[in-house]
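See below for the structure under consideration.
Atoms within a ligand are numbered from 1 in the order they appear, just like the ligands themselves. Quick caveat: nothing in here was measured; it's all calculated off a predicted structure. Positions are given from 1, in the same order as the sequence printed here.
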Amino acid sequence: MDMKTLVAVGIMMALASTLSMATTLLTRRVYPGFGYWTFGVLCRTLGSLLFLFRDQLSLWLTIILANTLLLADIILIGRGVRVFRDQHHPNHSSIEIAALLSFIALFIWLTIVVPDTKMRILLWCVYSSAFMSWAIFILLTRRPAWFGSGDQFLALALIFLVLATFIRIGYTAFFEGLLPDLMVASGQAVFIVINIGMTLLIVLGQIIMNAQRIEYDYCLVQQELERDIAERKYLETQLREETIRDPLTGLFNRRYLNESLQREFSRCQRNGGSLIIAMLDLDHFKRFNDSYGHDAGDAVLRAVGELLQHSLRREDIVCRYGGEEITMILSETTLAVAAARLDGVRHALTCLRVRHQDQELPPISASIGLAAVESIDLTPNTVLARADVALYRAKQNGRNRIEVNATDFNITEPSKTAFIRLILRDCFLSGHMLIDHQHQQLFDDANQLLDLILNERPDAAEVNLLLDKMMRDLIQHFRDEEQVLIAIGYPGLVEHAILHYSLINQSVVLVEQFRAGSLAISSLLEFLAHDAIVKHILNEDRKFFGHLQNFPTSEKIDNFQCQ
Ligand SMILES: Nc1nc2c(ncn2[C@@H]2O[C@H](COP(=O)(O)OP(=O)(O)OP(=O)(O)O)[C@@H](O)[C@H]2O)c(=O)[nH]1
């Protein structure tokens with residue numbers, strides 16, 4: 001390919017590059033500096049075009065102006081990089097103008113006064129490589145946050161071009177003279193091809209740089225938006241919390257109570273579930289306030305709020321109804337179980353020691369009234385009123401106690417039996433006479449203890465007697481059950497016996513704690529009835545029920561009926 005054809009190909013490529021840059025400039029979002037790059041590639045196209053008319057037009061146009069335009073392209077690439085990176089200073093423009101003017105002057109000298117092609121090539125190489133090196137330096141050393149493959153791509157293209165220019169300097173200065181004229185032209189043609197190819201890569205790098213910066217800014221905006229949304233959500237939650245929380249105790253406020261009560265009441269009526277309302281009022285709180293001051297009273301209210309939040313289940317709703325009165329909504333439980341649990345809370349309140357201004361305040365107590373939503377309740381307020389009646393009765397009967405609304409209490413009697421029947425449904429029966437009989441015995445014990453707790457004034461001696469009986473029955477049952485398991489060769493016997501041992505140990509410790517006054521009876525009952533009996537049968541005993549099926553019935557009865 002001769003020189004003219006090469007230049008023509010170069011012009012086509014430069015033209016395509018100019019068009020893609022100009023389209024990007026006009027139709028896309030571009031950053032400062034992109035305009036210089038577009039103008040630069042236009043200079044390159046015009047310069048190359050002038051080369052093409054070397055034989056038709058004057059030397060001023062085809063050599064001096066053409067080379068000035070090509071150098072202007074290199075200078076504009078550098079300026080674009082600096083502006084794009086916000087690294088351009090006014091004195092840089094002076095350097096550029098001085099360089100361009102000196103280049104023009106020297107080129108005129110080497111074209112018109114002392115024509116010297118070799119010197120012109122060398123001059124162009126020196127000026128262009130200097131400006132390209134400057135651009136590479138900026139590209140690789142001042143890395144902004146959006147630095148990416150586009151920057152590296154442009155830097156690599158320029159590095160390649162600088163290296164090619166250095167080789168061209170060596171070639172033009174030292175080897176060209178040794179070669180015949182035809183080969184000299186071919187050698188220079190190789191450098192022109194490299195220049196043409198690099199133009200495309202440079203333009204590609206510039207477009208990628210711009211696109212990556214857009215993407216980076218888009219991510220920033222998106223992050224900003226996400227932060228805004230998260231902040232707004234947080235503020236909304238805060239605002240919501242403020243509107244539903246009591247600032248002193250951190251408990252829910254009366255407004256939330258009204259909302260929740262209505263919601264839970266409707267849910268309960270729709271699904272037929274259970275719903276218990278409890279009203280708690282601190283005893284003689286006025287006297288407390290009068291003796292120790294309002295601030296001390298506040299400290300007590302805060303401590304009570306904290307204790308309640310930690311003592312009840314997550315799904316229970318605890319609200320400050322007003323003053324020192326607290327209302328609780330307990331769902332999915334029976335009146336009997338709720339009463340036992342709240343009795344534990346009442347006991348815990350009597351053990352609560354509050355410090356205020358380095359002084360321990362005297363013990364506090366609370367009265368609690370309880371009512372369950374029943375079919376007679378047409379609105380949430382009726383059940384609330386019945387809980388209030390129960391609370392009033394607790395106050396009347398001497399305070400520091402729990403009262404269950406009388407109507408509800410009668411209604412809940414069958415539910416206590418249901419609790420027992422539920423555990424002993426057919427699918428939970430082992431089929432072994434002795435084991436089933438003893439399980440029934442343990443449930444009866446637990447039930448009797450529950451009845452005693454719910455009694456208005458449980459007799460301590462009676463509770464202790466029942467506890468002794470319950471412990472005896474539990475130990476005897478575990479012993480007998482282990483004998484049965486030995487007889488049937490149950491493979492999990494050892495693990496099962498270890499569980500028995502651990503349950504007995506824990507029960508003994510808890511009974512002792514209860515007798516020493518450091519554990520509420522409700523907590524003890526919860527362990528004995530739930531952990532040691534119900535949970536143990538459902539989770540552990542049922543594992544050997546299948547083995548009992550293969551054991552002859554006569555043997556089952558004969559072996560153990562006399563024990
Ligand atoms: N410190 C403090 N006291 C409060 C607050 N709200 C109400 N109280 C006080 O709580 C006391 C309630 O007193 P009463 O309703 O007469 O009842 P009591 O003294 O607790 O007596 P009984 O309820 O009959 O056992 C009043 O002295 C109120 O001033 C509060 O936010 N902080």
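For ligand 1, the atoms lying closer than 4.0 Å to a non-hydrogen atom of Asp281 are 23 (O). Contact atoms of ligand 1 toward Asp283: 25 (O) (distance under 4.0 Å to a heavy atom of the residue). Distances below 4.0 Å separate heavy atoms of Gly297 from the following atoms of ligand 1: 1 (N).
For atom 31 (O) of ligand 1, the candidate residues are Arg320, His294, Arg399; the nearest heavy-atom contact is made by Arg320.
On a distance-only criterion, Leu248 and ligand 1 share no N/O pair closer than 3.5 Å. Checked by distance only, ligand 1 and Arg287 stay at 3.5 Å or farther apart across all their nitrogen or oxygen atoms. Taking any N or O of Leu282, backbone or side chain, at least one lies under 3.5 Å from an N or O belonging to ligand 1.
The protein heavy atom nearest to atom 19 (O) of ligand 1 is Lys286 N, 2.7 Å. Residue, atom and distance of the protein heavy atom nearest to atom 20 (O) of ligand 1 are Phe285 N, 2.8 Å. Residue, atom and distance of the protein heavy atom nearest to atom 17 (O) of ligand 1 are Glu324 OE2, 3.8 Å. Of the protein's non-hydrogen atoms, Lys395 NZ, 3.4 Å is the one closest to atom 22 (P) of ligand 1. Among all protein heavy atoms, the one lying closest to atom 32 (N) of ligand 1 is Asp298 OD1, 2.6 Å. If you check which protein heavy atom lies closest to atom 7 (C) of ligand 1, you get Gly323 CA, 3.4 Å.
Each of Asp246, Asp281, Asp298 was checked for a salt bridge (Lys or Arg N to Asp or Glu O under 4.0 Å) with Arg320, and the lone residue meeting it is Asp246.
No hydrogens or angles considered: a donor-acceptor pair under 3.5 Å links the side chains of Gln506 and Ser502. Side-chain contact of His477 with His439: a donor-acceptor pair under 3.5 Å is present, judged by distance alone.
Using a cutoff of 4.0 Å between basic side-chain nitrogens and carboxylate oxygens, Arg515 and Glu512 are not scored as salt-bridged. Arg401 has a carboxylate O that lies under 4.0 Å from a charged side-chain N of Glu403, or vice versa, which qualifies the two as a salt bridge. Taking 4.0 Å as the cut-off between side-chain N and carboxylate O, Glu332 and Arg267 count as a salt-bridged pair. Between Asp290 and Arg287 no salt bridge is recorded (no basic side-chain N to carboxylate O distance below 4.0 Å).
Only the side chain of Asn289 comes within 4.0 Å of ligand 1, judged by heavy-atom distances.
By the 30° and 60° cut-offs, the orientation of the rings of His496 relative to His500 is perpendicular.
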Stepwise, does the side-chain hydrogen bond (donor to acceptor under 3.5 Å, both in side chains) test hold for His536 with Asp541?
CA-CA 6 Å; His536 180 70; Asp541 286 2; 3.1 Å; yes
